[in-house]
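Beneath this line is the structure, given in structure tokens, with notes to follow.
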Amino acid sequence: MSGTLILVRHGQSEWNLKNLFTGWRDPGLTEKGHEEAKDAGRRLKARGFKPDIAYTSVLSRAQVTNDHILKELGREDLETIRDQALNERDYGDLSGLNKDDAREKWGEEQVHVWRRSYDTPPPGGESLKDTGARVWPYFLHEILPHVLRGETVLVAAHGNSLRALVMALDGLSGDEIVKMEIATGVPIVYKLNADSTVASKEVLED
Ligand SMILES: O=C(O)[C@H](O)COP(=O)(O)O
């Protein structure tokens with residue numbers, strides 16, 4: 001057995017609440033989002049997890065989520081690395097549009113393909129495959145070595161940057177990832193083997 005990898009999607013953002021495509025735009029958390037992030041920290045604390053290092057994106061909703069979790073764990077001073085590689089998928093021309101308005105304009109099916117398919121990018125934006133092409137190398141070079149040294153690593157990021165990571169860790173196909181959703185503020189805890197395969201996966205739900 002090697003180390004522990006904890007993935008957390010940020011708490012609800014202002015734009016999640018308003019049902020807007022967000023991508024690389026930078027809205028803050030709602031009250032509910034702040035609570036979800038604190039709750040993620042409490043759940044991790046209750047299970048005795050003690051991160052040795054934290055990673056997050058350059059977007060504030062993920063950074064604030066990371067801060068709440070570390071505070072709940074009593075580790076506000078822990079080293080946190082912020083990198084654009086962990087940003088949300090770039091939603092391109094859809095950024096800032098209402099998701100229901102987009103369905104009216106382009107149809108339910110097309111919008112679902114843009115949101116959940118593996119390799120169809122939204123106009124001017126990234127497909128999940130494109131997102132994975134920056135998230136996965138960053139994970140392999142920067143994050144995984146810590147886990148393989150037996151450390152506990154916290155990653156506070158985004159729905160689609162984490163879907164890309166989970167797809168690779170769980171060995172999901174392009175068809176399987178379509179159905180995969182990641183809830184806000186719910187920690188996903190992986191234990192990895194020394195050969196970097198997954199030993200166990202647990203979702204810390206209520
Ligand atoms: O960028 C966004 O709009 C959200 O964070 C994720 O959106 P999705 O669930 O539509 O992919």
Side-chain angles (χ1 to χ4, degrees), residues 7-37 39-40 55-69 82-136 138-139 155-170 172-188 203 205:
L7 308 180
V8 186
R9 181 183 178 192
H10 62 81
Q12 184 194 56
S13 75
E14 295 286 355
W15 284 22
N16 290 148
L17 181 62
K18 290 183 183 158
N19 199 27
L20 305 180
F21 285 102
T22 314
W24 283 38
R25 305 286 182 87
D26 202 16
L29 297 182
T30 60
E31 270 315 306
K32 180 180 173 192
H34 286 287
E35 280 313 309
E36 286 176 333
D39 205 43
Y55 286 86
T56 189
S57 73
V58 301
L59 298 168
S60 59
R61 57 195 186 276
Q63 294 178 2
V64 171
T65 297
N66 180 66
D67 291 346
H68 280 311
I69 292 172
R82 300 177 175 85
D83 201 290
Q84 191 169 290
L86 295 173
N87 273 15
E88 179 55 291
R89 165 237 297 278
D90 180 354
Y91 258 120
D93 300 343
L94 299 183
S95 308
L97 299 186
N98 181 285
K99 294 180 186 182
D100 289 329
D101 291 348
R103 287 189 191 96
E104 290 255 308
K105 185 164 177 189
W106 288 288
E108 180 102 32
E109 203 177 316
Q110 177 63 76
V111 171
H112 184 67
V113 167
W114 284 334
R115 291 182 65 199
R116 290 293 171 265
S117 72
Y118 177 54
D119 53 11
T120 305
E126 291 179 307
S127 65
L128 189 68
K129 187 177 178 185
D130 297 328
T131 307
R134 60 174 161 85
V135 173
W136 187 243
Y138 184 78
F139 172 76
V155 180
H158 303 266
N160 293 293
S161 53
L162 292 177
R163 281 175 74 238
L165 208 46
V166 166
M167 182 180 179
L169 288 166
D170 292 4
L172 302 180
S173 68
D175 286 339
E176 287 167 327
I177 195 62
V178 173
K179 291 170 235 124
M180 220 259 154
E181 299 281 343
I182 296 190
T184 48
V186 177
I188 303 171
V203 180
E205 285 161 321

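Everything numeric in this text was worked out from a predicted model, so none of it was measured. When a ligand or atom number is given, it counts from 1 through the structure's own listing order.
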Subject >> Mode of Trp15 contact toward ligand 1 - side chain, backbone, both, neither (heavy atoms, under 4.0 Å) >> reply: neither

Original post:
At what distance is the nearest protein heavy atom to atom 2 (C) of ligand 1, and which residue and atom is it?
Top reply: Thr22 N, 3.4 Å

Original post:
Which ligand 1 atoms does Phe21 reach within 4.0 Å, using its non-hydrogen atoms?
Top reply: 3 (O)

Original post:
Is ligand 1 under 4.0 Å from a heavy atom in the side chain of Lys99, in the backbone, in both, or in neither?
Top reply: side chain

**OP:** Check each heavy atom of Gln12 against ligand 1 and say whether those closer than 4.0 Å belong to the side chain, the backbone, both or neither.
**Re:** neither

Original post:
Are any of the side-chain heavy atoms of Asp175 and Tyr118 separated by less than 4.5 Å?
Top reply: no

Original post:
Nearest to atom 10 (O) of ligand 1, what protein heavy atom do you find, and at what distance?
Top reply: Arg115 NE, 2.6 Å

Original post:
Mind checking whether His10 has an N or O less than 3.5 Å away from an N or O of ligand 1?
Top reply: no

Original post:
Going by atom types alone, do Thr184 and Glu36 pair a side-chain donor with an acceptor below 3.5 Å?
Top reply: yes

Original post:
Side-chain donor-acceptor pair under 3.5 Å between Glu88 and Ser161, yes or no?
Top reply: no

Original post:
Any non-hydrogen atom of Gly23 lying under 4.0 Å from ligand 1?
Top reply: yes

Original post:
Is there a donor in the side chain of Asp26 and an acceptor in the side chain of Ser60, or the other way round, less than 3.5 Å apart?
Top reply: yes

**OP:** Identify which one of Leu29, Thr30, Asn16, Asn66 satisfies the side-chain contact (heavy atoms from CB on, under 4.5 Å) criterion when paired with Arg61.
**Re:** Leu29

Subject >> For Trp15 against Gly96, the heavy-atom pair lying closest together >> reply: CZ3-CA, 3.6 Å

Subject >> Numbered atoms and elements of ligand 1 in range of Arg9, under 4.0 angstrom, heavy atoms >> reply: 5 (O), 6 (C)

**OP:** Measure the shortest side-chain to side-chain distance between Arg116 and Met180 over non-hydrogen atoms and say whether it is less than 4.5 angstrom.
**Re:** no

Original post:
Side chain, backbone, both or neither: which part of Leu20 has a heavy atom under 4.0 Å from ligand 1?
Top reply: backbone

Original post:
Can you tell me which residue and heavy atom of the protein come closest to atom 9 (O) of ligand 1, and the distance to 0.1 Å?
Top reply: Arg116 NH2, 2.6 Å

Subject >> Minimum side-chain heavy-atom gap Arg103-Gln110 below 4.5 Å >> reply: no

Original post:
Do Arg134's NZ or CZ and the ring of Tyr138 fall within the cation-pi criteria of under 6.0 Å and 45°?
Top reply: no

**OP:** Report the nearest protein non-hydrogen atom to atom 11 (O) of ligand 1: residue, atom name, distance rounded to 0.1 Å.
**Re:** Tyr91 OH, 2.6 Å

Original post:
Heavy-atom contact under 4.0 Å between Arg89 and ligand 1?
Top reply: no

Original post:
Does Glu88 come within less than 4.0 angstrom of ligand 1, counting non-hydrogen atoms of the residue?
Top reply: yes

